[in-house]
> 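First, the structure itself, so that you have it in front of you.
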Number of protein chains: 2
Amino acid sequence: MLDDRKAAILSAVVQEYIATAQPVGSSHIARAPGVGVSSATVRNEMAVLEQEGFLVQPHTSAGRVPTDKGYRFFVDHLGRPGQADALTTRQVGEFFSAAHGRLEEMLHHTSDLLTQLTRNAAVVVGPKAAEVPIRSAQIIRLSSTAATVVLVFANGSVDNEVIEIGDEVSDAALAAASVHLTTHLADQVLVGAGVPDTGDASTDELCRLALDVMAGHGNDDEPAYVGGVSTMAEAFDAVEVVRQVLHTLEQQFVVVSLVRDIVDRGMSVAIGVEHGVEPLSACSVVVAPVVVDGEHVGSVGVLGPTRMNYPQALATVDIVSDQLGRRLGDS
Amino acid sequence: MLDDRKAAILSAVVQEYIATAQPVGSSHIARAPGVGVSSATVRNEMAVLEQEGFLVQPHTSAGRVPTDKGYRFFVDHLGRPGQADALTTRQVGEFFSAAHGRLEEMLHHTSDLLTQLTRNAAVVVGPKAAEVPIRSAQIIRLSSTAATVVLVFANGSVDNEVIEIGDEVSDAALAAASVHLTTHLADQVLVGAGVPDTGDASTDELCRLALDVMAGHGNDDEPAYVGGVSTMAEAFDAVEVVRQVLHTLEQQFVVVSLVRDIVDRGMSVAIGVEHGVEPLSACSVVVAPVVVDGEHVGSVGVLGPTRMNYPQALATVDIVSDQLGRRLGDS
DNA sequence: CTTGGCAGTCGATGTTACCGAGTGCTAACG
DNA sequence: CGTTAGCACTCGGTAACATCGACTGCCAAG
């Protein structure tokens, strides 16, 4: 699609622009290693690259800036993902060997780690509760007319939901329902789960209610952590863009479905408008699935300006998702 | 401290500045109702108010802007909290009569409500788990060497923590420990709680471990929700300030201890530097405790630029905390 | 095909002039 | 004696204008 020289020039433009955030001119590129030609030649090539949509000039007599298409070519053909550098590898290793405690906390801290390593916003999406095997189900009385259903999942996460109960429901019925639910749900996943009738109306009613409410609520609910937004905001200078991006990122579900969508499409990078969320069109997203035993149990990603350091982001996201998968696997 | 006319002028300056965000000049004030004097007189008075530290001029030949001290006088003596307007009252009422489900979700939505009503960032701090009576304690096996301790509290919140167990621990011991813990912890609070020995070494060991880990982790952990940060950010125009504020607000614990500190000091408004968090010195915080049966179980607050609408914020925070308290009380 | 050279473009930066909102001061006024 | 009209003065903000420099596109020579 592009001959070697054009590719080298595009690569140099992308890297220079990522580093400086300034439109880059032909003479800078001519000086770059790997491009052994004069600035005039570079100018000619850049004119072609512009015509083909890889570069744009913000205005006549300014340097060139990569377009989304330019970044796309760069990540597909030029910026080999490579290994994360030694420091990153070490930091990630240390982090996960020290990680402990609740799943939610670990995911939360993972997002902080990603932010710190990439200076971008980070997203960590955990396993959908509804798809993890259940270890225990209890119905606990809160007051005469309210109780809470508590599900414990095999990965250590816990979900609960409050239900209303008639005030004639006895403690014995609650206990019976808890036992019955735990017995029949153990090692099942929530989706499509059901329990047989016991014959006792009160108990069966409780079980039905508990299942209904958990199914309804846990349905598209996956634990997600978005962090480092302010860190990333520093990369933008247009105030209006910052506001738009911030506002969008505050709506967690937008980010979560954005990440899921990209992972589902089998992509690892979505650049600018590619992800289809209009207010984030100045942003790119780099994601990686978290895999345990061949199962896709979550995703990690970073979100930053389109002029982000893709090779580094890809490498970092990869190593973090890999290590997170291992960590989740051996617990 | 200030005669009536000075107070009226200060009040007018504060209100005008809150409305326009522009330095306000003597002629605007002279035109304001309640100040029946000429601009020259207003100028003389404003010069005095400036000397006494209630106003400043950004530069010679500009209008005046209130200082923190000016705002303080305003909220203490001039801006009577008043009632929330009818629309707000209605919205809050509707919100809480529709509210249902888990405590965490309700608190989260409450922070969204506050943001929407005040156009500022909102903070909602829930009850410290460690101080709510326990309804149930269970130890559930996750794998051969890991289990999770799940505490259910009377207000419907749930907390859990993962523990390591020796792989010789039997299911029976887990069940025994669960029963023992629930029996002895029911209606107790976590702080300083203990359970008697059973005589069975394995069970006692589990109970001790569970109590230790929950006490250690739940200690200064209170559920908090910070929302509407991007909405508030629109009130600032200095980019640098926005970044600083955003970065600070991302560290939840800073906000939580800030709010707690203000509530503990018995204050309801902290203006600018009063709250002592230097990066937020361009911000004021308006808080109200949430009280159930005379017990202080949480706090709500809004955080915005020092030139925020204090009367409205106070009224809104008051009505929301009141309604939230009622809602928490009757469940 | 490449390259040095050159005219031309246009944003960024700096200068100057001007306008107007706002002040402090003073003198007149009731 | 407090209040007010009037006035000279200040100074930030805006517009008009010149300058600078980093680029480009193009052309002619290598």
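None of these values were measured; they are calculated from a predicted model. Naming convention: chains lettered A, B, ... in sequence-line order (proteins, then strands); numbering from 1 in each chain.
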> Give the rounded distance in Å between these two atoms: NZ of K6(B) and C1' of dT3(D).
14 Å
> Between C1' on dT23(C) and CD1 on I29(B), what's the gap in Å once rounded to a whole number?
15 Å
> Between dT24(D) atom P and I9(A) atom CD1, what is the distance in whole Å?
11 Å
> Check whether any side-chain N or O of E16(A) sits under 3.5 Å from a backbone N or O of A21(A) as a donor-acceptor pair, and report yes or no.
no
> Please test E45(B) against R5(B) for salt bridge (Lys or Arg N to Asp or Glu O under 4.0 Å), starting from the C-alpha separation and ending with a verdict.
CA-CA 8 Å; E45(B) 297 287 44; R5(B) 197 170 64 185; 2.8 Å; yes
> Can you identify which nucleotide, out of dT23(C), dG11(C), dG25(D), has its nearest atom closest to the H59(A) side chain?
dG11(C)
> Measure the distance from NE2 on H28(B) to P on dA21(C) and round it to the nearest whole Å.
9 Å
> Could you tell me whether the phosphate oxygens of dC9(D), OP1 or OP2, come under 4.0 Å of any side-chain nitrogen or oxygen in T60(B)?
no
> Remember a base hit wins even if backbone is also touched, and classify A40(A) as base, sugar-phosphate or nothing at under 4.0 Å, heavy atoms.
base
> Within this structure, what is the CG-to-C1' distance between N44(B) and dG24(C), rounded to whole angstrom?
9 Å
> For Y310(B) and F74(B), I'd like to know if the aromatic rings sit close, meaning centre-to-centre distance below 6.0 Å.
no
> Would you say the side chain of R43(A) and the base of dG5(C) hold a donor-acceptor pair, judged only by whether the two atoms sit under 3.5 Å apart?
yes
> Given atom CD of Q22(A) and atom P of dA22(D), what is their separation to the nearest angstrom?
12 Å
> Could you check whether the side chain of R64(A) and the base of dG25(D) have a donor-acceptor pair of N or O atoms closer than 3.5 Å, going by distance alone?
no
> Please check this pair: side chain of E250(A) against backbone of S230(B), looking for a donor-acceptor N/O pair closer than 3.5 Å.
yes
> Expressed as a whole number of angstroms, how long is the span from M46(B):CE to dA21(C):P?
15 Å
> If I take atom OH in residue Y17(A) and atom P in nucleotide dA22(D), what distance separates them, rounded to the nearest angstrom?
19 Å
> Just checking T41(B): base, sugar-phosphate only, or nothing, at a heavy-atom cut-off of under 4.0 Å?
base
> For dT3(D) and R5(B) - does any side-chain N or O of the residue sit under 4.0 Å from the phosphate oxygens OP1/OP2?
yes
> Should the pair D68(A)-R72(A) be classified as a salt bridge under the 4.0 Å nitrogen-to-oxygen rule?
no
> Picking from dG24(C), dG25(D), dG22(C), which would you name as closest to the side chain of A47(A)?
dG25(D)
> Taking OP1 and OP2 of dG12(D), is either one under 4.0 Å from a side-chain nitrogen or oxygen of S61(B)?
no
> Output yes when at least one side-chain N/O atom of S38(A) is less than 4.0 Å from OP1 or OP2 of dT3(C), else no.
yes
